[in-house]
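In what follows, a single structure is set out as structure tokens and then discussed.
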Amino acid sequence: MIGHHRIAFFARVLLLCAVATLAPVPARGWGANAERLIAARAIDTLPPDVRAFFEANREFILRHVTDPLTALETNTASEAPRHILHLDHYGPFPFAELPRDYGAALKKFGRPKLEAAGLLPWQIGVVSQRLTDALRAGNWEQALIFAATLAGYVAQAHDPFNTTEDFDGRVAGQPGVNVRFSTDLVERYSLFFPMRPNDAAYIYDPTDHAFESCLNAHSWLETILLADRRARAGLNDYTDDYYDRFYNQAGATLIRQLSDAATDIGSYWLTSWTNAGRPSLPR
């Protein structure tokens, strides 16, 4: 006889399959304010030889870091896969069914299935290489565009809800939790965030590192969902009391993800500059 817990498990799996099959590819991660906050702190992680160039162009980077979000709004079908990696589409943790080499993954799953579950780590690898090429060529304007765009995608890899098929919490019975965590908490409490990103460091494999960022982000999903349920307990709506409770319980996770995103963006910039031969940057 099948127990109630097993029945509930199979029901959840079937619902996830139906969502993945019938729905268009969804993508909604950090909002524009969060991406600008992350990029601004990323500049501070750089060593002096590189920081001066990015500091001089801070306004440009903060204006263009949201270009991928703009592309997502204007061309959802083609852009959405570049913002997500639904790891739970590939079985249980650590999702070993998914090769990290794009050619191997394409051969195993085919383009439609691969794009439906997201291409985010590979997109980060591609844009990272484009930034390297632009820096090597001394094409500073193009390098700034790629640096800002790369920052936008790297930030998305740190949003836990970009890594799951239950991207908006509907399967968990908590619809909209992604917006409440990734956008609303940032807009309400960012002035109080004690963000402490680490110094930028060289990344040996940009694509593989992006996979690790997605895995780490995915590991926080249950913590966030539990915090959301507890914050809503006894309330009829998402009131100020709810958000205060939610921030008290999930704020540390949010700040950690934002800080790690800033560290990674600085590290990707530093890596591209290093791989380009450490060119002298205009000040």
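Note that the structure is a prediction, hence the values are computed from the model and not measured.
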Does a sphere of radius 6.0 Å around CZ in Arg63 hold more than 12 heavy atoms from other residues, nucleotides or ligands, not counting ones at 6.0 Å or beyond?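 Counting neighbours around CZ of Arg63, more than 12 heavy atoms of other residues, nucleotides or ligands fall under 6.0 Å, so yes.
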For Lys107, does the NZ atom have more than 12 heavy-atom neighbours from other residues, nucleotides or ligands under 6.0 Å away? no
Please tell me whether [X] and [Y] form a close aromatic pair, meaning their ring centres lie under 6.0 Å apart.
X: Trp122; Y: Phe211; answer: yes
X: Tyr238; Y: Phe246; answer: no
X: Phe95; Y: His89; answer: no

Tyr247 six-ring face occupied by Arg188 cation (under 6.0 Å, within 45°):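 Negative - Arg188 is either too far from the ring of Tyr247 or too far off its axis.
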Using the six-membered ring of Tyr243, assess whether NZ or CZ of Arg180 lies under 6.0 Å from its centre and within 45 degrees of the ring axis. no
State, without any angle test, whether [X] and [Y] hold a side-chain donor-acceptor pair at a distance under 3.5 Å.
X: Ser213; Y: Asp260; value: no
X: Asp244; Y: Tyr189; value: yes
X: His86; Y: Glu165; value: no
X: Asp88; Y: Thr164; value: yes
X: Asn162; Y: His83; value: no
X: Asp159; Y: Ser182; value: yes

State, with a plain yes or no, whether a side-chain heavy atom of [X] is found less than 4.5 Å away from one of [Y].
X: Leu114; Y: Arg111; value: no
X: Leu37; Y: Phe193; value: yes
X: Leu69; Y: Glu35; value: yes
X: Glu79; Y: Pro68; value: yes
X: Arg100; Y: Thr207; value: no
X: Asn198; Y: Thr45; value: no
X: Arg245; Y: Arg232; value: no
X: Ile84; Y: Leu120; value: no

Asp228 vs Tyr242, side-chain hydrogen bond (donor to acceptor under 3.5 Å, both in side chains): CA-CA, chis, key distance, verdict: CA-CA 9 Å; Asp228 179 69; Tyr242 158 81; 2.4 Å; yes
Considering all heavy atoms, the nearest [X]-[Y] contact:
X: Trp269; Y: Ala147; answer: NE1-O, 3.0 Å
X: Tyr268; Y: Pro206; answer: OH-O, 2.6 Å
X: Ala104; Y: Pro99; answer: CB-CB, 3.8 Å
X: Ile124; Y: Ala210; answer: CD1-CB, 3.8 Å
X: Asn75; Y: Ser78; answer: ND2-OG, 2.7 Å
X: Cys214; Y: Thr163; answer: O-CG2, 3.5 Å

Side-chain donor or acceptor of [X] paired with backbone N/O of [Y] under 3.5 Å:
X: Asp168; Y: Arg170; value: yes
X: Asp205; Y: Asp208; value: yes
X: Asn139; Y: Ala143; value: no
X: Trp273; Y: Pro279; value: yes
X: Asp166; Y: Val171; value: yes
X: Gln257; Y: His158; value: yes
X: Thr263; Y: Pro197; value: no
X: Ser272; Y: Ser128; value: yes
X: Trp30; Y: Ala155; value: yes
X: Ser219; Y: Asn216; value: yes

Would you give the length of the straight line joining atom [atom1] of [X] to atom [atom2] of [Y], rounded to the nearest 0.5 angstrom?
X: Ser267; Y: Ile203; atom1: OG; atom2: CD1; answer: 5.0 Å
X: Phe161; Y: Ile224; atom1: CZ; atom2: CD1; answer: 5.0 Å
X: Arg41; Y: Ile38; atom1: CZ; atom2: CD1; answer: 11.5 Å
X: Glu141; Y: Phe146; atom1: CD; atom2: CZ; answer: 12.5 Å
X: Arg230; Y: Leu225; atom1: CZ; atom2: CG; answer: 12.0 Å
X: Gln249; Y: Arg229; atom1: CD; atom2: CZ; answer: 10.5 Å

Do Val127 and Leu135 land in one hydrophobic cluster if side-chain heavy atoms of ILVMFWY residues count as linked below 4.5 Å? yes
Cluster question for you: counting only ILVMFWY and a side-chain heavy-atom cut-off of under 4.5 Å, with indirect links fine, are Ile265 and Phe53 together? yes
Salt bridge between Arg136 and Asp133, side-chain N to carboxylate O under 4.0 Å? yes
Stepwise salt bridge (Lys or Arg N to Asp or Glu O under 4.0 Å) test for Arg58 and Asp44: CA-CA 10 Å; Arg58 177 182 289 265; Asp44 301 333; 3.2 Å; yes
Apply side-chain contact (heavy atoms from CB on, under 4.5 Å) to Ile145 and Gln142, showing your working. CA-CA 5 Å; Ile145 286 288; Gln142 190 177 63; 5.5 Å; no
Stepwise salt bridge (Lys or Arg N to Asp or Glu O under 4.0 Å) check, Glu115 with Arg82: CA-CA 8 Å; Glu115 291 189 353; Arg82 300 168 185 163; over 6 Å; no
Start with the C-alpha gap between His64 and Thr149, add the side-chain angles, then the distance that decides, and say whether side-chain contact (heavy atoms from CB on, under 4.5 Å) holds. CA-CA 7 Å; His64 288 279; Thr149 302; over 6 Å; no
Members besides Tyr204 in its Ile/Leu/Val/Met/Phe/Trp/Tyr cluster (side-chain heavy atoms under 4.5 Å): Tyr202
